[in-house]
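The structure under discussion appears below in the form of structure tokens.
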Amino acid sequence: MSNPPFLRHAAVTPLAPPPPSLLAAPGGTPGPSGAPGPSSAAAAAGAAGAPAPAGAAEWSLPDDPGCVRTARAVVRETLRTWHLDPVSDLAVLLVSELVTNSLRYASGPVGLRLRAVGGPGAGGGVRVEVSDTLPVPPLVRAAAPDEEGGRGLQLVASVALRWGTRCGGRGKTVWFELGSAG
């Protein structure tokens, strides 16, 4: 299966290693904090990855329901490290929705990318991108009151400062931006 659009160069190549507390220990066990770690391949790549520009991180998550938990953990820890705690809970919620959508409708790895936007004077914020191998754009739909799903993109559209999609022959990326300034 091909990689999501922004991960064409390798199956797992973080721009910056995941925070140490999220790296899996040998044998794929959770890291020292007890938080779930990415796959062993991700941990190995993270340890060997080249440093990224400040405020950028990227992961390729396996096509497995457990990766939603990993996505939430790496987003929370990365935003804490970047001192973007005010947007952490909301970013984790939206990432959870988008990664779940990718797992439900596409096949293959799910790409997750975070990039700090703005600056201290602008209040700072984060741009989050979730990519998968399905080149079809997602549809925002109105869910009936008794439906269990169908509200994820409505949630993204209602709380993000900006959001959108990029589609290509190798997949799509759904992105959103959150700001930490009130």
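Note that the coordinates shown come from a computational prediction; the quantities given were computed from them, not determined experimentally.
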>> Between R170 and T133, does the side chain to side chain contact (heavy atoms under 4.5 Å, CB included) criterion hold? Intermediate values first, please.
In response: CA-CA 6 Å; R170 299 189 66 162; T133 58; over 6 Å; no
> Do L161 and L84 belong together in a cluster built from hydrophobic side chains that touch within less than 4.5 Å?
Replying inline: no
>> Checking R104 now: which residues fulfil side chain to side chain donor-acceptor pair (under 3.5 Å) with it, not counting sequence neighbours?
In response: none
>> Within this structure, what is the CG-OG1 distance for the pair L112 and T70, rounded to the nearest 0.5 Å?
In response: 10.5 Å
> Atom CG in N101, atom CG in L153: separation rounded to 0.5 Å?
Replying inline: 5.5 Å
> Among V68, T100, L103, which one satisfies side-chain contact (heavy atoms from CB on, under 4.5 Å) with V110?
Replying inline: L103
>> I'd like to know whether W82 forms a side chain to side chain contact (heavy atoms under 4.5 Å, CB included) with V126, so could you lay out the CA-CA distance, the side-chain angles of the two residues, the decisive distance to 0.1 Å, and finally the verdict.
In response: CA-CA 10 Å; W82 292 350; V126 65; 4.3 Å; yes
> Shortest non-hydrogen contact from K172 to P138?
Replying inline: CD-CD, 3.7 Å
Quiz: residues 90-99 side-chain donor-acceptor pairs under 3.5 angstrom, not counting sequence neighbours:
residue	atom	partner	partner atom	Å
S96	OG	R72	NH1	3.1

>> Could you check whether any side-chain N or O of T78 sits under 3.5 Å from a backbone N or O of V75, counting only pairs where one atom can act as donor and the other as acceptor?
In response: no
> Any Lys/Arg nitrogen of R115 or E129 sitting under 4.0 Å from an Asp/Glu carboxylate oxygen of the other?
Replying inline: no
> Could you state the interatomic distance from CD (E177) to CZ (R127), rounded to the nearest 0.5 Å?
Replying inline: 5.0 Å
> When rounded to the nearest 0.5 angstrom, what distance separates OG in S88 from CD in E77?
Replying inline: 9.5 Å
> Quick one: side-chain contact (heavy atoms from CB on, under 4.5 Å) partners of V136, sequence neighbours excluded?
Replying inline: L134
>> With a 4.5 Å cut-off on side-chain heavy atoms, are L178 and V128 touching?
In response: no
> Which pair of non-hydrogen atoms, one from P135 and one from G168, has the smallest distance, and what is that distance?
Replying inline: CB-O, 3.0 Å
> Do the side chains of V159 and W163 join up, straight or via other hydrophobic residues, at under 4.5 Å, putting them in one cluster?
Replying inline: yes
> salt bridge (charged side-chain N to carboxylate O under 4.0 Å, His left out) with D64: which residues, sequence neighbours excluded?
Replying inline: none
> Could you give the distance from CG (D132) to CG (L61), rounded to the nearest 0.5 Å?
Replying inline: 11.5 Å
>> Between R113 and W175, is the side chain to side chain contact (heavy atoms under 4.5 Å, CB included) condition met? List the steps.
In response: CA-CA 9 Å; R113 181 177 186 163; W175 60 270; over 6 Å; no
>> Could you check whether any side-chain heavy atom of V130 comes within less than 4.5 Å of a side-chain heavy atom of F176, counting everything from C-beta outward?
In response: no
>> Using every non-hydrogen atom in the two residues, find where S102 and S131 come nearest and quote the distance to one decimal.
In response: OG-O, 4.5 Å
>> Restricting to side chain to side chain donor-acceptor pair (under 3.5 Å), what partner residues turn up for R141, sequence neighbours left out?
In response: E147
>> Which residues pass the side chain to side chain donor-acceptor pair (under 3.5 Å) test with D63, not counting sequence neighbours?
In response: none
>> Pair V87, L79 - check side chain to side chain contact (heavy atoms under 4.5 Å, CB included), show working.
In response: CA-CA 8 Å; V87 298; L79 294 179; 4.2 Å; yes
